[in-house]
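FYI, the numbering just counts along the sequence from 1. Keep in mind that this is a model prediction, so the values were computed, not measured.
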Amino acid sequence: MVLAVADIAAAAAREDELKRVINRNTGFAHMTRGTNMYTLIALRSCVTDADLPVLRRLLFDRDYVTQLSAAGVLVDMGAGGRAALVSALPEATEYRARSTIEDALREADDPARRPLSAYPLDERERQRIRGCGAGAH
């Protein structure tokens, strides 16, 4: 029982950390908050396959930018990320979450899709990205 409570607390803390990364790297255009490549690259730099369950939960977050960011990073995580998207689809009863997951699956299956690591950024742009870690908080 104590271990389960500790696991839940650790998962919640990790979820909060990833949401902070998303929020620190969110862009604004036309007075609207949104996901951009900085958001996706920053989040991707913070996660491993161990975070797949956390990213899957973020697909159902009430914040749409968080949903989009999680979906975009899951696409970049290969077979494990795709499997997380597929497993989340039946649970996505709310239209926005469902369409986000469906769009991500289409992107994952697109042979022309490039990995986030291939996105062209110069050194100044790379320095703008604020990922995980002690210096990022």
When the side chains of residues 77-87 are checked against the rest of the protein, which donor-acceptor pairs come out under 3.5 Å, sequence neighbours left out?
from, atom 1, to, atom 2, distance (Å)
Arg82, NE, Asp109, OD1, 2.8
Arg82, NH2, Asp109, OD1, 3.3
Arg82, NH2, Asp109, OD2, 2.8
Ser87, OG, Arg56, NE, 2.8
Ser87, OG, Ala83, O, 3.4
Ser87, OG, Ala84, O, 3.0

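In this structure, Ser45 has no side-chain hydrogen bond (donor to acceptor under 3.5 Å, both in side chains) partners at least two apart in sequence or on a different chain. The side chain to side chain contact (heavy atoms under 4.5 Å, CB included) check on Arg124 picks up Asp122, with sequence neighbours excluded. In this structure Arg14 satisfies the salt bridge (Lys or Arg N to Asp or Glu O under 4.0 Å) test together with Glu17, Asp51, sequence neighbours excluded. Considering only residues two or more places apart in sequence or on other chains, Thr100 meets the side-chain hydrogen bond (donor to acceptor under 3.5 Å, both in side chains) condition with none of them. Remark: Asp61 pairs with Lys19 by the side-chain hydrogen bond (donor to acceptor under 3.5 Å, both in side chains) rule, at least two apart or across chains. Applying the side-chain hydrogen bond (donor to acceptor under 3.5 Å, both in side chains) test to Asn23 and every residue at least two apart in sequence or in another chain returns Arg33. Scored by the salt bridge (Lys or Arg N to Asp or Glu O under 4.0 Å) test, Arg106 finds Asp103 as partners (sequence neighbours excluded). For Asp16, the side chain to side chain contact (heavy atoms under 4.5 Å, CB included) partners at least two apart in sequence or on another chain are Arg20. Looking at residues two or more places apart in sequence or on another chain, you find a side chain to side chain contact (heavy atoms under 4.5 Å, CB included) between Pro53 and Arg57.
Within the structure, every pair that satisfies the salt bridge (Lys or Arg N to Asp or Glu O under 4.0 Å) test and touches residues 64-79, not counting sequence neighbours, is listed here: Arg44-Asp76, Asp76-Arg113.
Proximity of Ser69 to Leu55: side-chain heavy atoms (C-beta onward) are nowhere separated by under 4.5 Å. Considering only heavy atoms from C-beta on, Ile22 comes within 4.5 Å of Val65 through its side chain.
When all heavy atoms of Asn25 and Tyr38 are compared, the pair lying nearest together is CB-O, 3.9 Å.
Chaining together hydrophobic side chains whose heavy atoms lie under 4.5 Å apart leaves Tyr95 on its own.
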